[in-house]
Amino acid sequence: MRRIGLGLILAAVAAMANGSGALAAPKWAIVVHGGAGVIERRDLTPAQEAAYRAAMTKAAEAGVQVLQKGGSALDAVEATIRLLEDDPLFNAGRGAVFTAAGRNELDAAIMDGRTLAAGAVAGVTRTRHPISLARAVMERSSHVMLQGEGADAYSLEQGLEQVDPAWFFTERRWRSLEKALGSQRLPIPDPPKGAEDRPDPAEGLAHDEGKHGTVGAVALDVRGNVAAATSTGGTTAKRWGRVGDSPIIGAGTYASNASCAVSGTGTGEYFIRLTVARDICALVEMKGMSLQAAADQVVQTELTRLGGDGGVIAVAPDGQIAWSYNTSGMYRAAAAEGRPLTVGIYKDEP
Ligand code: ASP
């Protein structure tokens with residue numbers, strides 16, 4: 001649990017760097033998550049831990065590069081998520097979890113805090129980068145959310161990179177599926193065609209058989225605009241076209257320059273009912289709460305009270321950044337103007 005206002009600390013660090021006594025807010029900032037869940041030190045070998053930290057660092061650095069050059073928060077979050085979607089360590093794009101039918105059905109959303117424009121896709125199966133498809137929906141269609149076959153068709157029509165569904169396959173996630181289906185006494189489907197011939201890039205690296213590993217990013221750019229993005233394979237052995245919170249604007253993803261940008265991770269059924277991302281921003285906007293206090297209120301109090309598990313990352317136009325989670329760990333990274341990039345996994349890390 002984080003109770004300290006990280007935004008204030010960041011402002012103080014920036015002030016020290018300026019050599020001034022006054023608190024100066026960072027002009028740009030980015031926070032990234034790679035999923036929350038049961039992540040204990042004993043679960044990770046040093047090599048596995050190093051691999052996660054390296055992946056989080058690389059993804060955050062991609063966003064930092066955009067922001068440092070004066071690029072937009074939207075470009076920063078998209079660049080960050082695209083890297084994580086290609087990384088088999090995470091439950092997004094390649095490395096996504098499987099449905100009970102043995103498919104990867106991917107969800108993603110992106111939102112622009114400057115205009116409240118938003119784009120989301122659910123259940124897509126052939127787009128290498130679902131986050132870029134969500135952005136195409138936002139910028140090139142008159143809709144906010146597309147799902148299933150229609151979303152796949154739109155992706156093709158828009159010229160986004162298409163891949164064989166076996167591209168997303170990893171042995172590790174297949175084993176999780178087998179375990180989940182076994183415990184529910186459901187039949188185990190055949191793996192996607194072509195999957196057998198693929199070497200598993202995650203083999204020997206990943207520790208958990210759990211459902212987490214969704215990725216998200218929030219950013220503030222030098223023009224004072226915030227943006228949020230989230231991408232996921234959802235939950236292992238999901239059925240009946242289940243859609244989680246990640247692509248639902250206001251639940252797993254939200255951004256408004258009037259308050260903040262939030263990306264969540266956790267059991268989506270709880271995040272949807274609490275409209276977690278929008279609620280955090282509403283507390284900031286309407287109650288004048290600090291970003292950290294608002295995130296803690298929704299995650300530590302409301303989500304926990306409802307029995308939900310997970311966490312959020314957030315950034316505000318004034319440079320505050322925050323995260324809050326009620327699980328034992330959350331893969332996360334943060335960087336801001338005047339402050340070095342930091343990566344954390346466990347609760348006892350800053
Ligand atoms: N929130 C995602 C979902 O419910 C899963 C996760 O973040 O672990 O689809």
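The figures that follow rest on heavy atoms only: side chains count, while hydrogens, waters and symmetry mates do not. Note that ligands are numbered from 1 as they come in the structure, with each ligand's atoms numbered from 1 the same way. We number each residue from 1, following the sequence as shown.
- Relative ring orientation between Y52 and Y331 is described as parallel, the plane-to-plane angle staying below 30° on a 0-90° scale split at 30° and 60°.
- Below 3.5 Å of separation, one finds an N or O of G266 facing an N or O of ligand 1.
- The existence of a salt bridge linking R173 and E178 is excluded, since no basic side-chain nitrogen approaches an acidic carboxylate oxygen closer than 4.0 Å.
- Between D87 and R82 there is no salt bridge, since none of the side-chain N atoms of the basic residue sits less than 4.0 Å from a carboxylate O of the acidic one.
- For the residue pair T253/T230, the side-chain donor-acceptor check at 3.5 Å is satisfied.
- Each of T304, D296, D309, T301 was evaluated against N326; a single residue qualifies, T304, per the side-chain hydrogen bond (donor to acceptor under 3.5 Å, both in side chains) test.
- When each atom of ligand 1 is checked for a heavy atom of S246 under 4.0 Å away, the hits are 1 (N), 2 (C).
- The shortest N or O to N or O distance between T265 and ligand 1 is under 3.5 Å.
- Of all the heavy atoms of A36, none lies under 4.0 Å from any atom of ligand 1, so neither backbone nor side chain is involved.
- Under a 4.0 angstrom heavy-atom cut-off, G252 registers as lying outside contact with ligand 1.
- Residue contacts with ligand 1: R242 is placed with a nitrogen or oxygen under 3.5 Å of a nitrogen or oxygen of the ligand (distance criterion only).
- For T232, no nitrogen or oxygen atom sits less than 3.5 Å from a nitrogen or oxygen atom of ligand 1, counting backbone and side chain alike.
- Distances between N or O atoms of D107 and those of ligand 1 include no value under 3.5 Å.
- The distance criterion of under 3.5 Å between nitrogen or oxygen atoms is not met by G244 with respect to ligand 1.
- Ranked by closest heavy atom to atom 3 (C) of ligand 1, the top entry among T267, D245, T214 is D245.
- In summary, the side chains of Q297 and E302 do present a donor paired with an acceptor at a separation below 3.5 Å, with no hydrogens or angles considered.
- Within the 4.5 Å cutoff, the side chain of S246 has heavy atoms near those of the T214 side chain.
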